[in-house]
Amino acid sequence: MSENSAPLIIGFLCNWCSYAGADMAGTSRAAYPSNIRILRVPCSGRVDPMMIVKCFQEGADAVLVAGCHPGDCHYNEGNYYGRRRFALLRELLDFMGVERERFRVEWVSASEGKRFAKIVTDFTNEMTKMGPRKAS
Amino acid sequence: MASDFTQQIREKARELLEDGTVECVIGYETGSDGISARPAFIYNAADVERLVFDNTCTHNLVKYLLNKKAKSTAVVVKGCDSRALNLLLSERQIERDKAFVVGVVCPGIVESRWNERSEQLQKRCDWCRQHTPVVSDFMVGDPVTEQPPADFADVAEEEAKTAEERAAFWQQQAERCIRCYACRQACPGCYCTDCFAESLDPEWVGIRIAPAESQMWNTIRAFHLAGRCISCNECERVCPVNLPLSLLNRKLEQKVLELFDYRAGMSEDAPAPLITFKKDEKLGIAE
Amino acid sequence: MLKSTAIILGPVNDFLSSVQSHTGQSITACYQCGKCTAGCPSAYAMDITPRQIMRAIQLGLKDEVLDSSAIWLCLSCETCSLRCPREIDIARVMEAMRHLSLSEGRRPAQKDVVTLYNSFLQQVRLFGRVYDLGFGVAYNMRSGHPFSNVTRLPGLFARRKLKLAPDRTKGASEVRRIAARAKELERMRT
Amino acid sequence: MSRIGVFVCHCGTNIGGVVDVPKVVEAAKQMPLVVFADENKYTCSELGQASIRNAIDEHRLDRVVVAACSPRMHENTFRRTVAAAGLNPYLLEIANIREHCSWVHSDHDEATVKAIDHVQMAVAKVARHEALFPKTIGLTKRALVIGGGVTGIQAALDIAATGHEVVLVEREPSVGGRMAQLDKTFPTLDCSACILTPKMVDVAQHPNITLLSYSEVKEVRGFVGNFEVDILKKAKMVDHSKCTGCGTCWQKCPGKVSSEFDLGLGQRTAIYIPFAQAVPNKPVIDLENCRYQTFLKWDESQGGKKPPECRICEKICPTKSIDWEQQDEIVTEKFGAIVVATGFKTFDHSVYGEYGGGRYPDVISSLQLERLMSAAGPTEGEVVRPSDGAHVKNVVFVQCVGSRDDRVGRPYCSKVCCMYTAKHAIMLKEHDPDVQCYVFYIDVRAGGKDFEEFARRAQDESGAIYLRGRVSHIYQDGKNLKVLGEDSLIGRPVEIEADLVVLATGMEASDNADTLAQTLNISYTIYNFLIEAHPKLRPVETQTDGVFVAGSAVGPRDIPECVAHGSAAAVKAVALLSQDSLKSDPLTSIVDPMKCVGCFACKVVCPFNAIEEQVTRDKRTVSSINENLCKGCGLCVVACRPGAINLRGFTSQQLLSEVLTLVRE
Amino acid sequence: MVQAESSSLEPVAKRVYSYYPGCSLHASAKEFDVSAKLVCQKLGIELRELEDWICCGASAAHSTSHLLSLALPAHTLKQAGEKGLPLAVPCAMCFSRLRITLHELKKKETLDLVSRTLEKELSTDVTVESMLDVLANESISLPVTKPLERLKVACYYGCLLARPPEVIGCDDAENPQTMDRLMGRLGAEVADWGLKTSCCGAGVSFPRLDIVLKLSHRILSLARSTGADCIAVACPMCHANLDMYQKDMTAKHKEKTNLPVLYFTQLMGLALGFSPKELHLDRHLTDPLPMLREKGLA
């Protein structure tokens with residue numbers, strides 16, 4: 001867990017929609033808290049549940065996965081598979097004591113810069129309220 | 001009844017070996033404690049008398065079919081074993097035409113302890129909804145009508161706790177895990193020649209024996225079985241330190257049933273939930 | 001036709017939503033093609049057409065609908081429902097509007113039609129079955145056209161079309177009980 | 001041990017104004033494997049790029065991190081930069097400290113900390129980058145065009161014009177498609193045949209175009225640039241190499257059947273060309289209705305008298321072209337690009353029982369009216385009723401038949417009906433000034449150049465009476481037809497006595513469009529219309545590289561749109577074919593056959609059929625990636641439990657090390 | 001239900017139905033009742049009339065109370081269900097109400113509500129057949145003694161035997177053929193015409209005679225224009241409207257409207273050899289006998 005009490009949020013953004021959406025947030029100067037660290041992935045379907053578990057095991061406070069809206073996936077189907085995996089993973093994590101709130105999945109299109117900023121802001125505030133993870 | 005099962009199995013085994021349908025029959029024989037059964041590999045009709053079937057036949061013999069080099073083999077399967085068979089067939093680990101399946105309508109299996117009789121039914125038998133094998137070429141016993149869906153009381157009980165308690169609970173379990181991987185060896189769904197757990201690059205699970213690493217192992221082991229676990233509880237049964245491993249699988253099993261109305265291994269061709277999808281399904285994320 | 005004032009539209013339209021939920025029909029789906037009216041045998045005699053009924057519901061113009069003669073001149077022939085390109089069961093909606101108008105105790109725009117129905121049901125409650133002659137007489141009296149169709153009686157008698165005594169059945173009491181229960185239950189539900 | 005250089009950009013004040021760039025540079029210098037770090041005012045400027053190139057030489061850098069704007073902005077720019085300095089372009093990583101940092105954070109310290117983290121991640125990732133080399137694939141510089149309607153014709157001609165070979169496959173005995181059946185075209189009213197036939201002839205005569213009429217595409221293998229296609233050539237029973245199309249045979253053939261081209265309003269012979277201007281202008285024999293065939297099939301047992309042997313065509317053919325031996329054959333051809341232009345068919349109105357369900361001869365479809373109006377049609381342009389040949393006076397047009405109707409499973413608008421009906425109203429008036437047209441419509445949709453004016457003209461000049469309402473019932477009343485509608489503008493039912501009713505039947509995808517789409521692995525709607533890669537920005541491309549779509553096979557369209565899309569598809573195809581070789585993006589998946597257990601979960605999830613089965617030396621069946629089909633989504637990587645599959649440029653190792661820099665600091 | 005053996009000498013297996021005539025057939029439409037019974041008898045179909053049956057509520061209940069419009073037929077369905085026989089219903093109105101009720105009762109909540117109304121356990125396990133479907137069943141052979149040659153019949157189905165087709169079980173709601181085929185088998189020529197299922201206006205008969213006259217006249221004159229000698233119906237309301245007011249129409253339109261309107265069972269009766277008297281052919285206001293005599297059928 002990061003020393004400073006500010007929560008560490010790791011974000012996996014799909015290259016085609018959400019990463020571009022985050023860029024849009026930048027170009028439209030939509031400010032949001034600086035806690036999030038962003039990784040670029042080709043598709044939300046590329047985000048391996050193992051990777052997310054690893055984030056938490058290693059002490060991240062929260063994980064955000066963002067991809068194209070259903071139906072808009074650059075690879076047609078990636079986010080549909082992702083959706084199923086994440087739905088189950090979140091249950092498992094919660095069951096093992098990682099509160100479901102800490103793992104968020106969002107569909108953010110390339111044009112939703114402001115929305116991306118809002119999502120990150122809300123998420124960060126929520127995490128700050130919850131405080132750092134217990135255990136491990 | 002059991003003895004009569006034994007008879008039928010022996011006769012079938014003899015027939016199969018004599019007419020050369022198979023070159024080996026994998027079944028059960030009485031173990032060295034004279035009580036609990038152990039796997040038996042019969043190559044000549046002469047030896048079929050060794051075969052038995054009773055409520056101590058706990059092992060899932062399907063795993064022995066994974067040897068792709070083997071020629072045609074007959075195998076004795078219980079209800080739960082048969083679901084494993086379907087799983088492995090659908091994942092192309094077994095060639096159907098090389099396997100002759102002797103299905104046995106399972107009477108329920110008892111806890112086997114060394115050198116003592118037990119009438120205590122195994123945990124999995126409480127959950128079991130599949131006493132009659134779902135796949136077989138020859139059926140021993142009459143198919144039974146199955147029980148209504150198992151309720152997931154154990155899961156519910158765990159969920160009643162606070163997140164903090166749950167975290168602590170699994171933390172304790174992780175501290176006890178010695179990462180012997182017995183769970184993996186016993187699991188019909190774990191057959192990878194290289195397991196992610198032993199990969200050094202990427203190093204998903206560090207080689208040091210530390211709670212965090214064990215936690216990682218147990219979590220991913222469970223997740224790799226999401227929608228694939230046939231709830232035979234072998235992982236938990238063989239665990240030398242008695243970790244409640246099935247609890248994780250059960251949680252996922254419950255969710256898979258609820259979200260995808262899917263039970264692993266019920267048919268050879270229904271694709272596992274994580275390698276298929278429906279466009280307009282609502283799964284409670286990002287909605 | 002529509003009243004001589006401009007239509008004032010409020011923000012929420014309870015009428016539309018209540019009709020939709022009550023009939024299970026999506027009124028908003030109607031795109032006003034008029035096929036219902038085109039095929040409606042009695043549309044020519046209505047004050048506003050079935051299509052306009054649908055439109056009025058869309059706009060929440062409750063009075064236009066419930067006070068229209070259209071809902072009473074609907075013959076329940078179901079031609080509209082059969083052919084609607086938006087698969088709306090218009091006849092079902094018309095039926096619901098008749099019931100609503102009655103339950104609100106409105107004065108039906110075609111009171112004779114309602115009288116006809118009531119006289120009919122009265123017979124059924126009396127005898128368990130309809131007695132044509134009694135029915136006819138009852139209708140004439142209640143509707144205030146005592147002599148309507150009287151001229152036909154000779155012909156009808158000549159052809160033995162009308163019996164002089166009602167067909168009586170033990171079922172009659174059953175009918176009265178059912179009618180009462182239905183009334184009560186329907187009141188409870190609204 | 002790799003030697004990494006880090007270049008932090010001020011981007012004027014865009015980054016420098018918020019992030020403490022020097023501090024980031026200092027931090028970078030401390031990072032493992034970093035041997036050089038520096039800052040630039042504008043790294044993307046020639047000056048900035050030069051400084052990178054020099055540093056690569058000076059400090060023998062083998063990997064580069066640029067901390068600047070989004071990689072979606074300048075990744076390619078900097079790839080070229082490092083390549084210019086002799087590094088493999090894929091040994092570069094971008095840290096996005098502008099869009100994702102300086103532009104969205106105001107607190108300088110926080111922004112700086114985050115910038116350092118992002119540089120740290122990039123460093124960790126770039127350290128695991130490998131040199132990647134795009135594979136070059138050869139390609140066949142030929143195009144296949146499927147469908148010989150106006151769209152396909154346009155596409156074929158445009159491709160051929162650039163000097164590339166084209167094979168045009170048409171299912172029917174002649175090209176021309178629906179447009180050939182039309183009399184005039186809206187809104188200009190120029191004669192359809194007059195503008196189409198020259199193009200049809202061009203197709204037949206163009207040295208670069210091979211026309212395979214009476215043929216169908218059966219199988220498609222391979223991938224962009226290298227398709228292999230099986231084409232079925234149906235037996236014509238006429239040797240077209242000898243036939244001169246003199247026409248003696250079809251003038252003499254006694255086997256008469258109703259003509260598909262004239263939609264049952266006229267007749268054709270068993271050996272036939274569909275219409276006078278057909279291309280090729282050489283006949284085929286319709287075996288179903290050929291007398292010689294009936295003669296051959298006849299057997300005593302059924303009794304009756306033996307039919308005549310006929311074979312008249314054979315006897316009278318001056319060039320001895322009739323060939324009874326001909327069989328269907330399958331030819332396999334190679335192509336680099338495929339254009340699908342399979343067009344549409346008109347809705348079959350017989351499902352409308354309320355309109356007579358097809359049993360009233362004088363209730364006809366608009367396309368039938370086109371044939372009646374056409375000078376080359378069965379009545380030589382006389383608009384008379386099919387029932388008794390009487391000239392028509394009162395004509396009712398019914399719009400939206402098989403369009404905007406959920407009940408018949410066609411909720412969409414067919415787009416062209418409003419306009420062609422206006423055309424019909426105008427034309428009928430021109431044919432005979434005494435004709436009165438009534439048009440029942442729901443909305444008049446006249447969006448398009450000169451369309452509204454044209455639709456108005458039908459009412460203002462040709463006096464057609466437009467009634468807003470959908471017709472509910474049409475029934476025969478004596479010689480005439482009763483039409484029941486509503487004028488929804490005045491709100492009253494309308495009854496019209498018509499002597500001809502014309503149903504504006506909508507557009508449907510042509511038969512077997514779905515099967516063809518499956519063969520080509522492109523997607524299609526529930527109405528079997530083909531789906532473009534992007535409805536706005538990639539209107540003629542599909543999700544399958546090298547396969548392009550055009551015309552009304554994609555959805556209801558009018559002629560000008562179809563032609564435009566035909567040309568558009570042609571340009572895309574040519575752009576592809578004019579390359580000497582294709583470069584495949586090296587960011588693809590790769591399988592470690594030793595780890596693969598052959599469960600083929602990857603194969604199930606791959607959206608692009610890029611996973612192939614391969615047998616190893618030790619006889620295990622494992623998966624391998626067809627890099628030409630792989631688009632690098634990484635779905636297979638996640639599906640693979642043993643981790644036998646990895647994705648170049650986004651390997652698990654790379655993502656993991658990025659994460660670890662964050663959590664283990 | 002047992003299927004009739006076509007090619008065997010044993011007597012055809014008997015078909016047995018519960019029978020629900022409905023109010024009209026006990027009064028104004030007696031001839032429908034009588035002819036139906038005669039024909040059934042002849043064809044070895046036994047009809048057992050439900051005792052103490054009650055009215056279906058017709059459009060009166062339908063238009064005034066949804067619940068009542070279901071409750072009354074539900075009572076009859078209950079009776080029929082107890083008999084365990086399929087229910088044969090000649091009157092199109094009754095048939096329609098019964099079928100629609102049966103359909104609505106398939107919905108759980110409706111079933112509960114109506115059960116509470118009747119204070120009885122209801123089930124949807126009962127088959128309701130229209131007399132037309134019963135008699136049009138092609139597996140019943142028709143011992144025709146007097147084929148309806150030279151007779152052109154316009155079959156009129158009205159609303160109730162056509163809509164809603166999925167509930168009523170109509171072969172083609174816009175152009176049904178059941179009655180046409182039946183008449184064909186009796187040797188009659190049938191008219192192909194476009195108003196087979198158009199409404200005659202029954203719903204508002206007394207109060208708005210003007211509507212009835214307009215609609216019925218349209219139907220009669222189109223049928224006439226196809227050269228039909230008579231109209232065959234299966235609904236007492238349709239019959240009343242088409243048969244009763246022809247004089248008024250003649251007066252109104254200044255052209256003689258005179259087209260006999262017969263129940264299809266009466267035409268069957270004639271073909272099967274019953275006399276006009278037996279079939280109560282003298283009960284119609286538009287006298288069919290002259291026409292039938294002229295055709296040698298009476």
Side-chain angles (χ1 to χ4, degrees), chain C residues 1-4 7 24-59 61 64-65 68-71 73-92 94 109, chain D residues 347 349 351-357 396-414 417-418 438-445 466-475 481-496 498 501 503-506:
Chain C
M1 274 287 317
L2 299 183
K3 301 219 172 102
S4 60
I7 299 166
Q25 300 301 310
S26 163
I27 310 291
T28 43
C30 173
Y31 61 30
Q32 293 288 298
C33 70
K35 195 176 187 180
C36 44
T37 307
C40 176
S42 51
Y44 78 92
M46 297 174 171
D47 50 2
I48 63 176
T49 66
R51 175 186 55 79
Q52 289 169 322
I53 291 278
M54 302 304 280
R55 185 62 183 155
I57 298 174
Q58 286 177 341
L59 296 182
L61 307 178
E64 273 77 356
V65 176
S68 69
S69 74
I71 60 174
L73 291 180
C74 165
L75 300 161
S76 306
C77 74
E78 307 241 2
T79 310
C80 47
S81 306
L82 174 69
R83 295 174 184 166
C84 175
R86 306 292 285 141
E87 297 180 311
I88 307 170
D89 186 345
I90 300 145
R92 173 83 188 80
M94 291 295 221
Chain D
F347 183 86
H349 61 80
V351 305
Y352 280 89
E354 64 269 49
Y355 298 164
V396 169
F397 291 88
V398 180
Q399 299 294 279
C400 302
V401 176
S403 301
R404 303 182 71 185
D405 190 341
D406 301 61
R407 207 179 43 118
V408 299
R410 294 287 177 267
Y412 57 84
C413 168
S414 290
C417 320
C418 289
Y438 301 89
V439 179
F440 281 99
Y441 70 99
I442 306 178
D443 302 291
V444 174
R445 296 187 168 171
Y466 272 56
L467 299 143
R468 195 202 169 282
R470 197 190 264 269
V471 166
S472 171
H473 195 184
I474 301 170
Y475 63 92
L481 295 153
K482 270 263 171 42
V483 182
L484 309 187
E486 180 197 11
D487 181 323
S488 62
L489 298 178
I490 200 157
R492 279 169 58 191
V494 177
E495 208 172 299
I496 300 178
V501 176
L503 304 178
T505 47

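Sequence lines set the chain letters: A, B, ... in the order given, protein chains first and strands last, and positions in each chain run from 1.
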Next on the checklist: Using heavy-atom distances under 4.5 Å, tell me whether D:R404 contacts chain C through its side chain, its backbone, both, or neither.
Outcome noted: both
Checklist entry - For chain C, which of D:G469, D:G353, D:S488 has the most heavy-atom pairs under 4.5 Å? => result D:S488
Checklist entry - In Å and rounded to the nearest 0.5 Å, what is the CG to CD distance from C:L82 to D:E354? => result 7.0 Å
Next on the checklist: To check you understand the geometry: which heavy-atom pair defines the closest contact between C:A43 and D:P493, and what is its length?
Outcome noted: CB-CG, 3.7 Å
Item to check | C:C84 versus chain D, the contacting section by heavy-atom distance below 4.5 Å | outcome: backbone
Next on the checklist: Please find the pair of heavy atoms, one from C:C33 and one from D:I442, that lie closest to each other, and give the distance.
Outcome noted: CB-CD1, 3.8 Å
Item to check | Test log, rule side chain to side chain contact (heavy atoms under 4.5 Å, CB included), inputs D:R470 and C:Y31 | outcome: CA-CA 11 Å; D:R470 197 190 264 269; C:Y31 61 30; 2.8 Å; yes
Item to check | Distance, nearest 0.5 Å, that separates CG of D:L484 from SG of C:C40 | outcome: 11.0 Å
Item to check | Nearest-0.5 Å distance, CE of residue C:M46 to CZ of residue D:R492 | outcome: 14.0 Å
Item to check | Contact origin within D:Y441 toward chain C - heavy atom pairs under 4.5 Å | outcome: neither
Item to check | Atom pair OG1/CD1 of C:T49 and D:I490 - distance to nearest 0.5 Å | outcome: 12.0 Å
Item to check | Contact summary for D:S472 and C:K35, nearest pair of heavy atoms | outcome: CB-O, 3.4 Å
Next on the checklist: Taking side chain as everything from C-beta outward and backbone as N, CA, C, O, which of these in C:R83 sits under 4.5 Å from a heavy atom of chain D? Side chain, backbone, both or neither.
Outcome noted: both
Next on the checklist: Give me the atom names and distance for the closest heavy-atom approach of C:E87 to D:D406.
Outcome noted: OE1-CB, 3.7 Å
